[in-house]
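To start, the structure itself, in structure tokens.
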Amino acid sequence: MSEEGIVKKLMYVNRKAPYGTIYALESLEVVLIGAAFDQQVSLAFVDDGVYQLTRSQNTDGIGMKNFSPTYAALGDYDVRHIYVERESLEARGLTVEDLMPLTYEDEDDDWAEKESLRVVDSSELATLMGEQDVVLSF
Amino acid sequence: MSEEGIVKKLMYVNRKAPYGTIYALESLEVVLIGAAFDQQVSLAFVDDGVYQLTRSQNTDGIGMKNFSPTYAALGDYDVRHIYVERESLEARGLTVEDLMPLTYEDEDDDWAEKESLRVVDSSELATLMGEQDVVLSF
Amino acid sequence: MKFGILVNEGPYQHQASDSAYQFAQAALTAGHEIYRVFFYHDGVNNGTRLTVPPQDDRNVVDRWSELAEKHDLDLVLCVAAAQRRGLLDADEAQRHGKDADNIAPGFRISGLGQLIEAAIQSDRLVTFGD
Amino acid sequence: MKFGILVNEGPYQHQASDSAYQFAQAALTAGHEIYRVFFYHDGVNNGTRLTVPPQDDRNVVDRWSELAEKHDLDLVLCVAAAQRRGLLDADEAQRHGKDADNIAPGFRISGLGQLIEAAIQSDRLVTFGD
Amino acid sequence: MSLLHTVNKSPFERNSLESCLRLAEDGHAVLLIEDAAVAALNGTAHTETIKNATGRLSMYVLGPDLDARGLSRDRVIDGIEIVDYDRFVTLTCEHDSVQSWL
Amino acid sequence: MSLLHTVNKSPFERNSLESCLRLAEDGHAVLLIEDAAVAALNGTAHTETIKNATGRLSMYVLGPDLDARGLSRDRVIDGIEIVDYDRFVTLTCEHDSVQSWL
């Protein structure tokens with residue numbers, strides 16, 4: 001499903017906590033559909049967006065669907081570049097240990113399991129954002 | 001239209017700028033309808049809500065209806081207690097001179113025109129809020 | 001205790017309607033009365049019968065309709081807010097020359113006075129929004 | 001220049017749809033092309049033909065329909081977002097056993113792939129939301 | 001009179017909790033719901049402010065909203081009571097009025 | 001590459017302008033639209049931050065959004081250019097990509 005050979009750098013920026021609003025869930029739905037288009041995809045989690053990746057989400061008490069397991073499946077959709085802003089984590093008292101492990105299997109390296117998630121500081125994330133052809137912000 | 005003689009202290013709290021969202025306009029619509037119910041009504045403008053009261057709003061360029069003239073008509077609806085938080089004004093570099101004059105005619109004082117709008121500081125507003133039976137927040 | 005509940009945002013986009021539903025259920029279970037649930041702003045979108053949510057997710061609209069039927073709740077959509085956003089009952093549709101209506105069972109459309117009345121008649125008004 | 005426009009909020013509640021409309025008009029006037037306007041999240045609510053806004057206010061939905069007709073615009077509502085929120089065309093209504101549909105002229109319902117496609121095919125994607 | 005204030009947005013994203021704390025009187029109660037649950041945690045940039053608030057206000061957080069966001073109940077600031085929806089209802093009864101900071 | 005960032009919320013209400021300024025690179029452009037127009041004024045609690053930003057970013061504000069909110073164009077911070085929708089379109093063309101801080 002590449003579009004006449006056009007390959008763009010496409011970043012999804014997630015800045016909102018899950019469940020309070022639907023943006024996190026519907027952003028994920030775009031990412032899953034978008035994975036079929038063979039673009040250079042990355043995801044960034046900034047500000048309250050980092051709460052989307054916390055472990056042990058349990059929505060039984062609010063009667064909503066827990067969609068957090070889907071993040072772990074992103075590797076199967078060939079989404080391999082997931083950036084989390086260090087400053088956002090720190091302001092919230094979170095570390096990478098509080099987040100779900102996100103990995104993919106590298107077919108060029110005997111299907112070794114590798115980390116998709118990388119914590120980057122603001123300046124590195126700024127550089128990455130500045131290199132994008134398209135930024136979809138949720 | 002008093003409800004079986006019940007008279008409550010009812011405050012409308014407006015915290016959002018106009019036009020970016022509809023809350024300011026639809027809050028005003030509640031106030032106008034509510035005026036028929038003979039309750040002890042007051043309005044508070046806090047945070048970005050103070051922008052609702054600026055003079056010279058002109059919406060020609062954004063193609064939306066300018067509803068700001070309606071605030072000046074609140075006196076005719078017997079809405080006489082309009083509080084603006086001083087700290088919110090100051091943080092935004094605004095003074096009462098930047099706001100529309102809001103008045104009512106006092107039938108107990110030979111229909112003299114009197115100010116409805118009063119600038120109060122946070123502690124006074126906190127006291128007023130604490131005395132309400134119902135707070136409607138927009 | 002008699003509660004009034006105000007819901008200011010539509011289904012799914014914001015948690016407001018979910019929180020209001022959980023609160024309403026807990027209040028009813030505790031034996032309290034709900035005088036009225038008033039839907040204002042985008043909250044009127046909770047009253048459409050045309051939603052088709054995913055199978056594995058809750059049905060926000062049906063849930064309200066069912067709660068209303070079970071407890072004889074008064075679910076009111078503000079008419080002015082509803083007209084702006086395309087929520088109509090059969091009468092409203094006819095009056096405005098529209099060829100369809102979309103209101104869900106258990107909801108009715110009425111004026112803002114119903115909100116003021118709920119604020120006056122209820123012991124507590126609890127608001128859920130954005 | 002070829003533009004894609006993404007609208008993430010419904011009519012009236014947020015300025016997003018108004019800003020997007022003003023931007024689209026300015027782009028078309030300047031001779032640019034609009035590849036697609038995609039409506040996502042509550043943005044799908046811009047596509048209902050059942051709104052009855054006050055006489056003295058703009059009609060957000062009609063304005064889009066008219067702009068689409070004049071400039072042959074492609075206005076697409078995301079199907080998943082639309083189903084959650086109760087926006088249906090005749091086919092969707094039939095498929096899901098609903099007794100009414102509410103989509104406005106000039107809008108069509110399609111998948112999220114249409115958003116990705118717009119992002120790829122447009123020279124610039126401009127998003128308006130909350 | 002004593003009011004119950006509800007706040008539903010993260011203090012990292014919006015100013016509603018800040019405004020609530022500025023305008024709530026001593027002895028009032030504040031209940032954190034929905035995305036505001038994140039404000040109840042230790043170790044954040046807002047912890048100090050919230051801790052101070054517990055000295056003059058009764059602070060509560062809705063447990064189901066903590067759980068949904070994967071926020072461990074063990075990390076909740078001392079002095080903030082974790083409540084469920086039943087207790088939310090009781091809190092509204094125990095106070096004279098409810099103010100929602102939207 | 002140079003990006004055009006758009007921000008549509010008041011910095012008094014939300015953190016989106018702050019995040020935009022943190023993550024926009026030197027030489028990028030920032031356009032304030034809708035409620036973010038209030039950030040363009042002199043004499044506010046955010047003026048100093050915005051003034052500093054004009055040193056490394058090209059800053060713009062949408063005039064029609066100033067006018068709607070009764071914000072006098074005379075009060076706009078020096079170094080912020082007031083633009084109309086036509087110029088908004090031109091700005092998107094002049095930059096390689098547009099990032100909306102929602």
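Please read these numbers as outputs of a predicted model, since none were measured by experiment. Chain A is the first sequence line, chain B the second, and so forth, proteins listed ahead of strands; every chain is numbered from 1.
C/Asp99 meets the salt bridge (charged side-chain N to carboxylate O under 4.0 Å, His left out) test with D/Arg49; sequence neighbours excluded.
For a residue to count as touching a neighbouring chain, one of its non-hydrogen atoms must lie under 4.5 Å from one of that chain's; by this rule E/Ser97 touches chain C with the backbone only. Contact annotation for E/Asp84: neither backbone nor side-chain heavy atoms come within less than 4.5 Å of a heavy atom of chain C. Proximity to chain C (any heavy atom under 4.5 Å) is shown, for E/Asp86, by both the backbone and the side chain.
Proximity of a side-chain donor or acceptor of C/His32 to a complementary backbone N or O of C/Met1 within less than 3.5 Å is detected. With C/Asp101 contributing its side chain and C/Asp89 its backbone, the two residues share no donor-acceptor pair below 3.5 Å.
A donor and an acceptor atom, one from each side chain of E/Thr44 and E/Thr47, are located under 3.5 Å apart.
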